[in-house]
**Q** 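Sending over a structure as structure tokens; questions will come in a sec.
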Amino acid sequence: MGKKASETAGKAITCKAAICRKPGEDLVIEEIEVAPPQAWEVRIKIICTSLCHTDVTFWKMDFGPAGSFPKILGHEAVGIVESVGEHVEEVKEGDLVVPVFLPSCNECRDCTSSKSNICTKLGSKFYLGMPRDGTSRFRDLKGEVLHHFLFVSSFVEYTVVDIAHVVSLNHHVPPDKACLLSCGVSTGIGAAWKVAEVEEGSTVAIFGLGAVGLAVAEGARLCGASKIIGVDLNPDKFEIGKKFGVTHFINPIACGEKTVSQVVKEITDGGADYCFECIGLASLMKDAFSCSREGWGKTVILGVEKHGSELNINCYEILRGRSVVGSMFGGLKPKSDIPILLKKYLDKELRLDDFITHEVNFQDINKAFEFMAQGKSIRCIIWMDK
Amino acid sequence: MAGESKTRGKPIRCKAAVSREPGEPLVMEEVMVAPPMAGEVRIRIICTSLCHSDITFWKLKEPPACFPRILGHEAVGVVESVGENVTEVEEGDYVLPIFVPDCGECTDCRSEKSNLCSAFPFGIYPWMPRDKTSRFTDRNGEVLHHFLQVSSFIEYTVVDITNLLKINPNIPPSKACLFSCGISTGVGSAWRTASVEKGSSVVIFGLGAIGLAVAEGAKMCGASRIIGVDTNPDKFELAKKFGVSEFVNPKDLGDKPVSQVIIEMTDGGADYCFECVGFASLVQAAFASCRKGWGKTIMVGVDKPGATLEFDSFDMLQLGKTVMGSLYGGLKPKSHIPILLQRFLDKELNVDHFVTHEMKFDDINKAFDLLIQGKSLRCVMWMDK
């Protein structure tokens, strides 16, 4: 049981964090100090958090501005508001909230438009700290600064998040399902629903059946897609994929002399209406594009290419009525759309339960990394003290 | 037309401007044009205009360029005779040949979303679509290749019915032929491919006929701001007549990239950016110039076969922009061209300023020079009457 909110408001909190001190090495659970929220900030007591592949990418990254250590990873989570800083009116102590890496200031042209979810005011600077001033709210017991991650940092019992990165939940929801909607699952569902706008009867091809790809399948299923083709090197994903609506499975190394694109074109009689890249490899983005139908085929890029590789698209192929679009968080506007998805879950339209394949306690957080590395998990929920 | 019935069913001997060697002036020759076979129509061309795509395939030395060939694909004419099974048009009809086929029956033709007929797939072929043979032979009996299913640099051509549209005879020929390719492509790109919304900001890279047609299309859709980008400052005065209100000349910017200037001018980037030259590198500049969140980059110009676009994968992911392309502005010839022609007659769409030169068919090589030198938009060439 955590400390009572009224006792800790305005003061630093000493609590446990899983710190990434060196790239690729086990996280170390240590006591740290979490400063109180400043203006526009919210301090949140994390209930549970989950591991997303993007955490793993930056856990290993040892170069560039993102390669700074020590840091507190984690960006998919759900929690309770412990205290708020000045000017915060959207949430109050005790509220159930989901922190998200994607900001909404609610004032800029993008935030007020239904067509964009890329806030102009916040989100592009200060990757290692709080979005408005770049400083950190975390210090270890020696006083050393611990860097933030993606404006969330959820591998800790208490975190501080800017209000622009906080989504208030009105409904009584199981926290582990809310946590899923913090990043990967929302990204996939949004990509099918909002970015592609998959129509009933459409054909869909999904490259990469991790949580994001499976969420695309679930989103496409909800939209009434007639064929959902999953492409993955891991044959175990086929059985798993069926639960999420995948109707056809292609393993690129088991196609014989045919290319994946040829197989997709055979299944869909010319190419898929919508193709999704959910891994983050430029070569796969190109393959996904080649699988799209001429005339109207749309390719959606969701994967994060970390090598700086360029996406190559053949001019004649795009001239023949194709389009390519990329999106963050599946084009969703977190503050309005996460509650909508949660409601669809509560109304039993949207299926989320099967995404959770493993659960561990906070002290065993490194097991979550192992499960993901072995390709055994979709989402592993990490529970703080119950 | 009493004259036509004399030639029905027989080969016609007539004049053609034949492209024999890549990049060499066309040669005026007497050629033989076979009668139309099943599904085909033989047309007497009234006038034809030169489009940059003709130049691209005139210069190109490797496939799908081929020689000797009868180029030309923007034209208007009158039906001289029809082949078996053709009921859509009859002798004497005023018709527009269109290089994009429209069979009206396949999945794509029946879909609102596509203009790429799958029954008669578009491609740069040297022959007629149904039997893959040519209707043209020269004096020595040597086959002359077709171009884009039209081949209009000739007094009589043969076209498949899927490439032909009967049009309102009230439209003057020098305006009608423009709708056969360039103007429709530009207008359609704004209207159908991009679906430019009222009040949007639009940037057009390349102020040739296609770019100016995009401007007309954007104007028709109610765009509030149309910015033109071109390295030739002579184009700016003319472009004003087409609705372009602001200009950027990349050569005047020093080291500053065009995209940076456009982002400054539009406070973040334009809603729609059109590439109307045919350079993959410009599509990338267009991508960089459009606004994050909802910006659309439209590739209208045709680059060389095999050309590729290159994008930074992370930019593609995190900026939420769309890149799209279309043939013929996404227009379905038989459904949309009549709409555009009506808007022309109703004076909602202005195409008068596109015709900058008119000449006789015999002077066709001058038309090539003018376009290559950037001195013309559309040069209309009239057949002898």
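The sequence lines fix the lettering, A, B, ..., with proteins before strands; numbering per chain opens at 1.
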**Q** When rounded to the nearest 0.5 angstrom, what distance separates CH2 in W296(A) from CG in L116(B)?
**A**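 Reported value, rounded in 0.5 Å steps: 9.5 Å.
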**Q** Is there a side-chain contact between R109(A) and R291(B) in this structure, where contact means two heavy atoms from C-beta onward sitting under 4.5 Å apart?
**A**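 Side-chain contact under 4.5 Å: yes.
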**Q** Heavy-atom pairs under 4.5 Å with chain A: which of T297(B), D312(B), L327(B) has the most?
**A**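 That would be L327(B).
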**Q** Under 4.5 Å heavy-atom distance to chain A, tell me which part of F122(B) shows up: side chain, backbone, both or neither.
**A**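 Both the backbone and the side chain of F122(B) come within 4.5 Å of chain A.
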**Q** Any idea which of V324(A), V304(A), L281(A), I301(A) has the most non-hydrogen atom pairs under 4.5 angstrom with chain B?
**A**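 Ranked by heavy-atom pairs under 4.5 Å with chain B, first place is V324(A).
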**Q** Look up atom CD in E310(A) and atom OG in S313(B), then write down how far apart they are to the nearest 0.5 Å.
**A**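 It comes to 7.5 Å.
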**Q** To the nearest 0.5 Å, what is the distance between CG (L311(A)) and CG (L317(B))?
**A**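 Output value for this atom pair is 11.0 Å.
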**Q** Should the heavy atoms of other residues, nucleotides or ligands under 6.0 Å from CG of N106(A) be counted, would the total exceed 12?
**A**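 Correct, the count exceeds 12.
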**Q** Hey, is the main chain of V323(B) close enough, under 3.5 Å, to the side chain of S323(A) for a donor-acceptor pair?
**A**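 A pair under 3.5 Å: no.
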**Q** On a heavy-atom basis, which atom in L319(A) and which in V300(B) lie closest, and how many Å separate them?
**A**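 Looks like CD1-O, 4.2 Å.
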**Q** Quick check: are there more than 12 heavy atoms from other residues, nucleotides or ligands sitting under 6.0 Å from CD of E200(A)?
**A**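 No - once you tally the heavy atoms of other residues, nucleotides and ligands closer than 6.0 Å, there are 12 at most.
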**Q** Could you tell me which non-hydrogen atom of I118(A) sits nearest to which non-hydrogen atom of Q318(B), and how far apart they are?
**A**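 Closest approach of I118(A) to Q318(B): CD1-O, 3.4 Å.
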**Q** Side chain, backbone, both or neither: which part of T299(A) has a heavy atom under 4.5 Å from chain B?
**A**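 Looking at T299(A), nothing touches chain B.
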**Q** Out of the candidates E294(A), E199(A), E197(A), only one should pair with K113(B) under the salt bridge (charged side-chain N to carboxylate O under 4.0 Å, His left out) rule; please name it.
**A**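 The salt bridge (charged side-chain N to carboxylate O under 4.0 Å, His left out) with K113(B) is passed solely by E199(A) among E294(A), E199(A), E197(A).
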**Q** Considering only heavy atoms and a distance below 4.5 Å, find which of A282(A), G270(A), G321(A) pairs most often with chain B.
**A**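 The candidate making the most pairs under 4.5 Å is G321(A).
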**Q** Could you tell me whether K115(A) and D271(B) make a salt bridge, using a distance below 4.0 angstrom between a side-chain N and a carboxylate O?
**A**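 Salt bridge: no.
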**Q** When only pairs under 4.5 Å are counted, which of E317(A), E305(A), R293(A) shares the most heavy-atom pairs with chain B?
**A**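 Answer, by heavy-atom pair count under 4.5 Å with chain B: R293(A).
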**Q** Are K298(A) and T322(B) close enough, and set up right, to give a side-chain hydrogen bond (donor to acceptor under 3.5 Å, both in side chains), and what steps lead you there?
**A** CA-CA 10 Å; K298(A) 196 176 205 177; T322(B) 304; over 6 Å; no
**Q** Under a 4.5 Å heavy-atom cut-off, does chain B meet the side chain of R322(A), its backbone, both or neither?
**A**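 When you check distances to chain B, only backbone atoms of R322(A) fall under 4.5 Å.
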**Q** Is there side-chain contact between K292(B) and D110(A), with heavy atoms separated by less than 4.5 Å?
**A**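 Heavy-atom side-chain distance check passes, below 4.5 Å.
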**Q** Where do G306(B) and N314(A) come nearest, in terms of heavy atoms and distance?
**A**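 Of all heavy-atom pairs spanning G306(B) and N314(A), the closest is CA-ND2, 4.2 Å.
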**Q** Side chain from CB out, backbone as N, CA, C, O: work out which of these in S111(B) comes under 4.5 Å of a heavy atom of chain A, or both, or neither.
**A**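 Only the side chain of S111(B) comes within 4.5 Å of chain A.
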**Q** Would you find more than 12 non-hydrogen atoms of other residues, nucleotides or ligands less than 6.0 Å from H336(B) atom NE2?
**A**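 Atom NE2 in H336(B) is crowded, with more than 12 foreign heavy atoms closer than 6.0 Å.
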**Q** Got a sec: does the OH of Y125(B) have more than 12 other heavy atoms crowding it under 6.0 Å?
**A**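 Check passes, neighbour count above 12.
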**Q** Begin with the C-alpha distance, continue with both residues' side-chain angles, and end with the deciding distance and a verdict on side-chain contact (heavy atoms from CB on, under 4.5 Å) for K321(B) and V325(A).
**A** CA-CA 6 Å; K321(B) 302 180 192 176; V325(A) 63; over 6 Å; no
**Q** Check this for me: K333(A), atom NZ, are more than 12 non-hydrogen atoms of other residues, nucleotides or ligands nearer than 6.0 Å?
**A**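 Yes, because the 6.0 Å sphere around NZ of K333(A) holds more than 12 heavy atoms from other groups.
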**Q** Rounded to the nearest 0.5 Å, what separation is found between the OG1 atom of T308(B) and the NZ atom of K286(A)?
**A**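 With rounding to 0.5 Å, OG1 (T308(B)) is 7.5 Å from NZ (K286(A)).
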**Q** Does any heavy atom of chain B fall under 4.5 Å from the side chain of N312(A), the backbone, both, or neither of them?
**A**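 Both parts, backbone and side chain.
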**Q** With chain B, which of G295(A), C315(A), S116(A) has the greatest number of heavy-atom pairs at distances under 4.5 Å?
**A**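 Most pairs with chain B among the choices: C315(A).
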